[in-house]
Amino acid sequence: MSPPIELSAAIMTHPARRARALALRDSLPELRLQVVEDPDPYGPGSCSARTAVLAWGTLAPEATHHLVLQDDAVPVPDLRERVLRAVEERPAAAISLYTEWASATSSAVHLAAWLGQPFAEVCDPYTPCIGLVLPAEAARELARTTPEVPQDDVMIAGVLRRLGVPAYVTVPHLVQHATEMSLTGNTPMGLRLAACYTTEPHGDTSPVVDARVDLLPCFSRSYGRPYYLERNPDSAFGWSQSGLLDVLRRRDVDVPALQRTAARRAAGLHRAEPDLRPDIVISLWITAWLGGVELRRLLDDHAVTPAQVLDRRLGQIALANIGPGIFDQYLLPERLLELSPVLETFAHEAFTEGVTPSGSRGTQLLPDHRSPSS
């Protein structure tokens, strides 16, 4: 029998946000959160790594696990109970409570949400840490760390890799990201809302598909185009990038037909909403379509039809965030929120064309057998 979970917790903050941190602490009295401030708030570099070291150092002596929230976390009402349930399922893992809607990890979250899986693997080279729970030994190691990088998420990922601690994110997420100006230089990246967050009950009767995901269609913030992540045990963080065209050809996708179809779909949206960059609209269509294709392949491998899972509420929530997530850094927040329904509809149509057996509105982009060729 596993020992009982003993959880201690802290909030890391900056003096400029002390009032927010105190309000967050007071909203969660059951967690007995300690508030930890940046020890050198106006010193050189980002505050996040040096503050994180102190926050992880508040681990209680009797604790088996430690939770650290950042001051811009917006938690679900029953956070403690849901964190404890997650830790009971993955006691030796790092458990992120959030990943942002345009991260590579969000692509794993999208698939997990449709498959009914309660966790997705973290597949970014950093560990999402607006809300993060670690086993006690990992917390102690972080408390002993001298930061060599300014970002706490990169520092944490390095420590976890060195210790061999796997990292997952909950599906759905247990915290949302507050929409305030970043203190660590991330404001140009946009609102960075959660990939799959809800405070509502999400029970369903769809089958849980126990599929191992080895290939993820993602969107690159840096280059504004889709790409693939493939599982690679020789990579430092377990995944490596693969060229989009290489994977599509390996899958026997009719690439010219896919490009023509994406361009046609994108042209219609761009005519209706000229504020939207046409190249990013094309990338959104392809990314969402590829997500549908990958889901169907996983379902085919487990003898499950799309119709058996497409009413799953968490999948619908995650799908609705793909379009706004991709356009997050290309539109002002107010305009992004205005256009979100249009982007959601566009991504939903692309995803549906990818996941349904009939293909893309009569255009045969894929062979009948969608598993990768050997």
Side-chain donor-acceptor pairs of residues 118-125 under 3.5 Å, sequence neighbours excluded:
| from | atom 1 | to | atom 2 | distance (Å) |
| --- | --- | --- | --- | --- |
| E121 | OE1 | R231 | NH1 | 3.1 |
| E121 | OE2 | R231 | NH1 | 3.2 |
| E121 | OE2 | R231 | NH2 | 2.7 |
| D124 | OD1 | A104 | N | 3.3 |
| D124 | OD2 | A104 | N | 3.4 |
| D124 | OD2 | T105 | N | 2.9 |
| D124 | OD2 | T105 | OG1 | 2.7 |

Below 3.5 Å, can you tabulate the donor-acceptor pairs from side chains in residues 275-283 to any protein atom, sequence neighbours excluded?
| from | atom 1 | to | atom 2 | distance (Å) |
| --- | --- | --- | --- | --- |
| D275 | OD2 | R335 | NE | 2.7 |
| D275 | OD2 | R335 | NH2 | 3.0 |
| R277 | NE | D279 | OD1 | 3.0 |
| R277 | NH2 | D279 | OD1 | 3.4 |
| R277 | NH2 | D279 | OD2 | 2.5 |
| S283 | OG | G224 | O | 3.0 |
| S283 | OG | D279 | O | 3.3 |

If the threshold is 4.0 Å, N to carboxylate O, is there a salt bridge linking [X] and [Y]?
X: D301; Y: R297; result: yes
X: R20; Y: D71; result: no
X: D78; Y: R80; result: no
X: R221; Y: E100; result: yes

Quick check: is [Y] connected to [X] through a chain of hydrophobic side chains (ILVMFWY, heavy atoms under 4.5 Å apart)?
X: W56; Y: V154; result: yes
X: L174; Y: V109; result: no
X: L269; Y: L258; result: yes
X: L290; Y: V255; result: yes
X: L115; Y: V293; result: yes

| request: Can you establish whether the number of heavy atoms outside H270 located under 6.0 Å from its atom NE2 is more than 12? | output: yes

| task | Only counting residues at least two apart or in another chain, list the ones meeting side chain to side chain donor-acceptor pair (under 3.5 Å) with N232. | result | S240

Donor-acceptor pairs under 3.5 angstrom involving side-chain atoms of residues 86-98: please list them, not counting sequence neighbours.
| from | atom 1 | to | atom 2 | distance (Å) |
| --- | --- | --- | --- | --- |
| S96 | OG | P128 | O | 2.6 |
| Y98 | OH | R192 | O | 2.4 |

| message | R50 vs D38, test: salt bridge (Lys or Arg N to Asp or Glu O under 4.0 Å). Steps then yes/no. | response | CA-CA 7 Å; R50 61 177 173 254; D38 180 3; 2.7 Å; yes

Give the minimum heavy-atom separation between [X] and [Y], together with the two atoms involved.
X: R140; Y: A63; value: NH2-O, 4.4 Å
X: H302; Y: A211; value: CE1-CB, 3.5 Å
X: R296; Y: T356; value: NH1-O, 4.2 Å

| Backbone N or O of A16 within a donor-acceptor pair of the H14 side chain at under 3.5 Å? |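 Flag set: sc H14 to bb A16 pair under 3.5 Å.
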
Looking only at side chains, do [X] and [Y] share a donor and an acceptor under 3.5 Å apart?
X: E6; Y: T64; value: no
X: E349; Y: T352; value: no
X: T58; Y: H66; value: yes
X: Q70; Y: D152; value: yes
X: H177; Y: D72; value: yes

| query | With a 4.5 Å heavy-atom cut-off, do H65 and L134 have their side chains touching? | reply |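 No, their side chains stay 4.5 Å or more apart.
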
| task | Output all residues satisfying side chain to side chain contact (heavy atoms under 4.5 Å, CB included) with P333, sequence neighbours left out; order by chain, then residue number. | result |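 So P333 forms a side chain to side chain contact (heavy atoms under 4.5 Å, CB included) with L191.
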
| request: Evaluate the criterion side chain to side chain donor-acceptor pair (under 3.5 Å) for residue pair Q308 and T305; output intermediate values, then yes/no. | output: CA-CA 6 Å; Q308 291 177 269; T305 66; 3.2 Å; yes

| request: State which residues pass ring-ring contact (aromatic ring centres under 6.0 Å, His included) with F327; sequence neighbours excluded, sorted by chain then number. | output: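 In terms of ring-ring contact (aromatic ring centres under 6.0 Å, His included), with neighbours along the sequence ignored, F327 is linked to no residue.
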
| field | W101 and Y197 aromatic centres sub-6.0 Å | value |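 Aromatic pair excluded; centres sit 6.0 Å or further apart.
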
